[in-house]
Amino acid sequence: MPKFYLTTPIYYPSGKFHIGTAYTTTLADAIKKYKQARGYDVYLLTGMDEHGQKIQQVAENAGKTPQEHVDQMAEEAKKLWKLMEIDYDDFIRTTEPRHEKVVEEIFDRLMEQGDIYLSEYEGWYCMPCETYFTETQLVDGKCPECGREVKKMKEESYFFNMKKYANRLIDFYNQNPNFILPESRKNELFNNFLKPGLEDLCVSRTSFDWGVKVRKDPKHVVYVWLDALTNYITALGYLSEDDSLMQKYWPADIHLVGKDIIRFHGIYWPIFLMALNLPLPKQIYAHGWIMMKDGKMSKSKGNVIYPEPLIERYGLDAFKYFILKEMSYSQDGTFTPEGFIERYNFDLCNDLGNLLNRTIGMVNKYFGGEIKSYPQNVSSLDKELENFSNGIIHSVEDYFDTYHISQAIAETWNLVSRTNKYIDETMPWVLFKEEKTEELQSVMYHLVENLRRIAILISPYMVHTSQKILDQLSIPQGSLRTWDSMGKYDELKDIKVTEKPEVLFARLEQETEIEVIKNMMK
Ligand code: ME8
């Protein structure tokens, strides 16, 4: 079985996770489910990045020790992933001994081989980003990453010799043009950071102590990004007694990250791996942000929206549908209450829900709920729909394989619309009236068959809806529910659809629900 290893960032436990944080994890889970459906042995890693000055401060402000704080946050994170039915294989926390021990060892090793050396650092430090910047990197005297205040600081530090590896990384980029996705972000990294020449990176701190201590010089703690990035291999047992997962799954097939952290993943991480003599990940995909009407989500603006209340009121499938659809491949997405309700009412309730209801209603009315087998004679309209549907399956697969999930969803809804249009074109009620039984049978077959395909196409991100559709159509468990079975079009036999179709998505009263969501943001 081919293997597929994918990761989410490990999140900072600095506050409750909002829908933005949940986005990468939702994306990862959908890709996992898709890959599994395609026959891959998939390993999905997520976790938490628990060290650093910011976490120490958040804990202090809450009157807790950092450990108490991160323990509580880890429980909350796991609760959220459970609610969202995220099927992760491991949840790594950087405060776990299995991780800390290996980070210590990696640091030692890099020191021994001369990649890490002791010096002094003076620069502009951004505390929330835990990153130093040079004067020229600042934007209007502020942090170029987050736009916040920076402080001039000087400290004895260990440095990583980035310059030594810079050319090797440039060669690697040139030989692997699809290493960083999307291309626009690769060009940005290449032109703005790699080409002008890399500075050596400061990889230890002495100004706080909530971190992994440098074994040979314990007044230093390891820089939070060197600590964090290595999670992708420590979780697989790198340098530990049992490294079978490492042998099996490394290199990662894809690291999924937000655009805010592509520099760390696209430059420092590959160089750390080169220094450790390990293969580089195959690809890194940096998606955009989920934005609000008035910019980034922030507590002070009062525009933060969390997954839990949305899921509770509208269901998990609608939530996943919305955030995955809304974020295009290379741009930011926007969350608005209006947009959420519109997508729910139009795409889910009208287009998909009604298609199922109409179909089941007609099969019951015209044939007592029965679909016997593939029709003997098909019309040109039937054939057209079949061909259209075949094309959609291929393009959905292509989009999933290249991480264009929003487009994969849009393509699936093209099939939903096309199938709805097919009802208008074939006018089954006229065929019934005119007693064109054979033609009517064929139309019903084509409707049920395309709904079966739609249910399978949405299964990576709308698990429940997918099953409800297949159940209501009474598609037998097993081979007609698999991804591969979409390759067949003529195998439905002796199907008896439900007599009482259940509404998939009840229509929402727009004004009321917009207010409900606005209240969730307060
Ligand atoms: O950066 N829209 O952790 P973090 C979309 N610990 N995605 C968003 C988002 C938004 N509005 N807000 C956050 C860290 N994200 C480090 C990572 S990895 C070795 C260490 C997602 O808690 C997005 O994936 O700040 C982003 O990269 C990540 O959350 C940042 O999470």
Side-chain angles (χ1 to χ4, degrees), residues 2-13 17-38 40-49 74 77-93 180-182 185 228-229 231-236 245 249-262 264-266 269 281-290 307 311 316-317 319-330 333 396-397 399-409 458-463 483:
K3 68 94 198 167
F4 193 86
Y5 176 36
L6 82 162
T7 66
T8 73
I10 49 171
Y11 303 103
Y12 288 129
F17 292 177
H18 52 58
I19 63 165
T21 324
Y23 173 75
T24 322
T25 307
T26 307
L27 177 70
D29 184 66
I31 295 170
K32 173 174 180 175
K33 291 183 164 91
Y34 165 74
K35 284 286 174 185
Q36 281 180 323
R38 301 302 309 274
Y40 284 79
D41 166 358
V42 186
Y43 199 83
L44 167 58
L45 176 68
T46 190
M48 256 174 30
D49 189 358
K78 286 181 183 167
K79 215 167 110 190
L80 174 61
W81 302 149
K82 192 168 173 207
L83 174 73
M84 289 175 53
E85 299 175 7
I86 303 297
D87 184 20
Y88 58 81
D89 295 279
D90 197 357
F91 185 99
I92 180 105
R93 301 177 52 190
I180 309 280
L181 304 171
R185 292 201 213 285
L229 288 162
N231 90 87
Y232 301 131
I233 52 178
T234 60
L236 297 183
L245 288 174
Y249 288 110
W250 191 258
D253 291 85
I254 188 98
H255 291 309
L256 301 171
V257 299
K259 64 179 183 181
D260 48 328
I261 57 174
I262 185 60
F264 300 100
H265 285 80
W269 178 228
K282 291 185 195 156
Q283 286 186 310
I284 303 168
Y285 169 52
H287 60 72
W289 280 334
I290 296 187
I311 294 169
L316 183 59
D317 285 11
F319 172 73
K320 289 185 175 178
Y321 173 82
F322 180 83
I323 59 171
L324 291 175
K325 173 79 201 310
E326 192 52 38
M327 183 85 87
S328 74
Y329 176 64
S330 55
V396 168
E397 288 172 352
Y399 281 136
F400 256 107
D401 288 336
T402 54
Y403 310 110
H404 292 68
I405 308 305
S406 174
Q407 275 102 319
I409 297 174
I458 65 173
S459 63
Y461 50 93
M462 294 177 81
V463 174
W483 194 276

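Just so it is clear, the values below take in all heavy atoms, side chains as well, and ignore hydrogens, waters and symmetry mates.
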- Do Thr8 and Tyr88 get their side chains close enough for a donor-acceptor pair, meaning under 3.5 Å? no
- Item | Leu324 side chain reached by Tyr23 side chain, heavy atoms, under 4.5 Å | yes
- More than 12 heavy atoms of other groups within 6.0 Å of Lys79 NZ: no
- Set of residues satisfying ring-ring contact (aromatic ring centres under 6.0 Å, His included) with respect to His404, sequence neighbours excluded: Tyr329, Tyr399
- Item | Spatial distance of atom CD (Glu85) from atom CG (Leu83) [nearest 0.5 Å] | 8.0 Å
- Item | Any residue meeting ring-ring contact (aromatic ring centres under 6.0 Å, His included) with Tyr12, in chain and number order, not counting sequence neighbours | none
- Query: Looking at CG of Asp317 and CD1 of Ile311, how far apart are the two atoms once the value is rounded to the nearest 0.5 Å?
  - Reply: 10.0 Å
- Query: Just how far is it from atom CG of Asp41 to atom OH of Tyr249, taken to the nearest 0.5 Å?
  - Reply: 3.5 Å
- Message: Using the side-chain hydrogen bond (donor to acceptor under 3.5 Å, both in side chains) criterion, which residues pair with Arg185? Sequence neighbours excluded.
- Response: none
- What distance separates Ile19 CD1 from Phe322 CZ, expressed to the nearest 0.5 Å? 7.0 Å
- For Ala252, check side chain to side chain contact (heavy atoms under 4.5 Å, CB included) against everything at least two apart and list the hits. Tyr5, Trp250, His255, Pro281
- Message: Checking side-chain hydrogen bond (donor to acceptor under 3.5 Å, both in side chains) between Asp253 and each of Gln283, Lys282, Lys35, which is the one that passes?
- Response: Lys282
- What distance separates Thr46 OG1 from Lys78 NZ, expressed to the nearest 0.5 Å? 11.0 Å
- Item | Contacts of Ser459 that satisfy side-chain hydrogen bond (donor to acceptor under 3.5 Å, both in side chains) - sequence neighbours left out | none
- Query: Tell me, do Phe4 and Tyr34 make a side-chain contact under 4.5 Å, heavy atoms counted?
  - Reply: no
- Message: Does anything in residues 19-32 form a salt bridge (charged side-chain N to carboxylate O under 4.0 Å, His left out)? List the pairs, not counting sequence neighbours.
- Response: Asp29-Lys33, Asp29-Lys320, Lys32-Asp87, Lys32-Asp89
- Query: So do the side chains of Ile31 and Leu256 get within less than 4.5 Å of each other, counting heavy atoms only?
  - Reply: yes
